[in-house]
Protein chains: 2
Amino acid sequence: MVLHKEEEVLTTYLKNKNLKLTNQRRVILKLFLNTEIHVTAEELYEKLKHTHPEIGIATVYRTLKLFCDAGLALEVQFGDGFTRYEHHYGHGHHDHLVCEKCGKYIEVIDERIEKLQQSLAEQNNFHILRHRMELYGLCKDCFCKK
Amino acid sequence: MVLHKEEEVLTTYLKNKNLKLTNQRRVILKLFLNTEIHVTAEELYEKLKHTHPEIGIATVYRTLKLFCDAGLALEVQFGDGFTRYEHHYGHGHHDHLVCEKCGKYIEVIDERIEKLQQSLAEQNNFHILRHRMELYGLCKDCFCKK
DNA sequence: AATGATTTTGATAACTAATATCAACTAATT
DNA sequence: AATTAGTTGATATTAGTTATCAAAATCATT
């Protein structure tokens with residue numbers, strides 16, 4: 001529930017770009033930050049419908065892209081056809097464990113793997129700008145339940 | 001240009017499933033195997049248009065899915081909105097280096113990383129079924145040119 | 001080779017996630 | 001309060017892919 005910092009980041013970004021802080025942007029930011037970490041635009045829109053039926057879906061899409069530009073969100077794709085957005089401000093790079101049964105996403109980071117990725121790239125004369133690694137399978141709960 | 005094995009795999013698969021070996025399937029398989037390893041359905045369709053204008057795009061989509069079921073192809077997605085298909089028969093698991101400038105894909109495999117992924121999953125009580133790792137950046141050529 | 005049951009095909013409609021359009025509206029500056 | 005420039009919501013549009021369905025093709029059987 002710590003909004004202060006993120007709201008400040010957004011405000012600063014908007015000011016620098018001569019953009020405006022609208023009520024929609026405030027509302028969507030609040031909801032985004034209080035929602036599970038990997039949401040789609042549609043999911044956010046569904047949640048908004050109850051409390052803010054006046055906010056259109058186009059605005060949700062637009063605003064999430066804006067958050068990415070402002071460094072508050074990051075686009076991720078897990079191959080199910082949806083673009084998801086995760087919290088980015090104050091979050092370092094990480095990889096994902098994706099449970100294919102319950103849909104849970106665990107964020108992980110392993111420095112040894114990061115180093116090996118770098119050396120693997122060097123062996124191939126490749127200059128890494130970014131990377132993604134997702135391990136798909138079953139979380140403990142789903143694995144035990146069978 | 002070694003088609004024999006793959007054609008046999010397809011034939012066997014079709015027979016087991018009581019499906020039929022059509023000329024379209026033969027043509028698309030041949031083209032798929034002689035085409036760069038990560039093609040989209042649209043790309044294959046474009047190439048076919050010249051030599052086989054009678055083959056529809058729906059058939060290309062359908063046939064690529066069929067190849068996946070038969071173990072001849074594998075779906076991959078690099079987040080550009082296209083589903084790509086790579087050769088799968090006789091190809092072991094591998095990861096990708098993706099050049100964001102020229103679009104080249106290099107296939108790589110690093111056993112040390114594979115092992116660490118396994119141990120990372122275990123630390124999190126997670127049971128891996130499959131995974132993907134893509135390193136995005138610039139290949140040597142594109143990096144030197146600018 | 002003809003038959004017949006079943007699968008496949010191509011044209012096209014439909015679907016879905018996401019983006020573009022645009023007149024009405026709103027925030028922020030003067 | 002007026003002005004300017006950005007923003008919004010409804011909706012049309014786009015793009016990749018899948019569904020529909022009558023006509024055509026495959027293949028086992030005769």
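In what follows, chains are A, B, ... by sequence order, proteins preceding strands, each numbered from 1.
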Whole angstroms only, please: what is the CD-C1' distance between A:Glu43 and C:dA18? 15 Å
All side-chain contact (heavy atoms from CB on, under 4.5 Å) counterparts of B:Lys49, not counting sequence neighbours: B:Tyr45, B:Glu46
Suppose we screen for salt bridge (charged side-chain N to carboxylate O under 4.0 Å, His left out). Which residues come up paired with B:Lys47, at least two apart in sequence or across chains? none
Atom-pair distance (CG on B:Asn16; P on D:dC27), nearest Å: 14 Å
Looking at residues at least two apart in the chain, or sitting in another chain, which of them share a salt bridge (charged side-chain N to carboxylate O under 4.0 Å, His left out) with A:Lys20? none
Taking only residues two or more places apart in sequence, or in another chain, which ones meet B:Glu54 in a salt bridge (charged side-chain N to carboxylate O under 4.0 Å, His left out)? none
Quick one: do B:Lys5 and B:Glu7 make a salt bridge, cutoff under 4.0 Å? no
I need the CG-P distance between B:Asp80 and D:dG16, as an integer number of Å. 10 Å
Using the salt bridge (Lys or Arg N to Asp or Glu O under 4.0 Å) rule, collect all pairs that involve residues 76-85 of chain B, keeping only residues at least two apart or in two chains. B:Glu43-B:Arg84, B:Asp80-B:Arg84
Suppose we screen for salt bridge (charged side-chain N to carboxylate O under 4.0 Å, His left out). Which residues come up paired with B:Glu36, at least two apart in sequence or across chains? none
Could you work out the complete set of other residues in the hydrophobic cluster of B:Ile37, with links drawn between I, L, V, M, F, W and Y side chains under 4.5 Å apart? none
Phosphate OP1/OP2 of C:dG10 contacted by B:Gln24 side-chain N/O (<4.0 Å): yes
Base, sugar-phosphate, or nothing for B:Thr40, non-hydrogen atoms under 4.0 angstrom? nothing
Of the residues in residues 51-67 of chain A, which ones touch DNA chain C at a heavy-atom distance under 4.0 Å? A:Ala58, A:Tyr61, A:Arg62, A:Lys65
Result block: side-chain N/O donor-acceptor pairs under 3.5 angstrom for residues 114-122 of chain A, not counting sequence neighbours:
{"unit_1": "A:Glu114", "atom_1": "OE2", "unit_2": "A:His93", "atom_2": "NE2", "d": "3.2"}
{"unit_1": "A:Gln117", "atom_1": "OE1", "unit_2": "A:His131", "atom_2": "NE2", "d": "3.2"}
{"unit_1": "A:Ser119", "atom_1": "OG", "unit_2": "A:Leu116", "atom_2": "O", "d": "3.3"}

Protein-nucleotide distance (B:Tyr45, atom OH; C:dA11, atom P), rounded to Å: 7 Å
For residues 63-76 of chain A, which side-chain N or O atoms pair as donor and acceptor with protein atoms under 3.5 Å away, sequence neighbours left out?
{"unit_1": "A:Thr63", "atom_1": "OG1", "unit_2": "A:Thr59", "atom_2": "O", "d": "2.5"}
{"unit_1": "A:Lys65", "atom_1": "NZ", "unit_2": "A:Glu75", "atom_2": "OE2", "d": "3.0"}

So, does A:Asp110 use its side chain to make a donor-acceptor pair with the main chain of A:Arg112 at under 3.5 Å? yes
Please list, pair by pair, any protein nitrogen or oxygen found under 3.5 Å from a nitrogen or oxygen in nucleotides 12-15 of chain D.
none

If only side-chain N and O atoms of B:Arg25 are considered, is one of them under 4.0 Å from the OP1 or OP2 phosphate oxygen of C:dT9? yes
Could you go over nucleotides 24-30 of chain C and give all protein N or O partners under 3.5 Å, atom names and distances?
{"unit_1": "C:dA27", "atom_1": "N3", "unit_2": "A:Lys20", "atom_2": "NZ", "d": "3.1"}

How many whole angstroms separate atom NZ of B:Lys17 from atom P of C:dT8? 12 Å
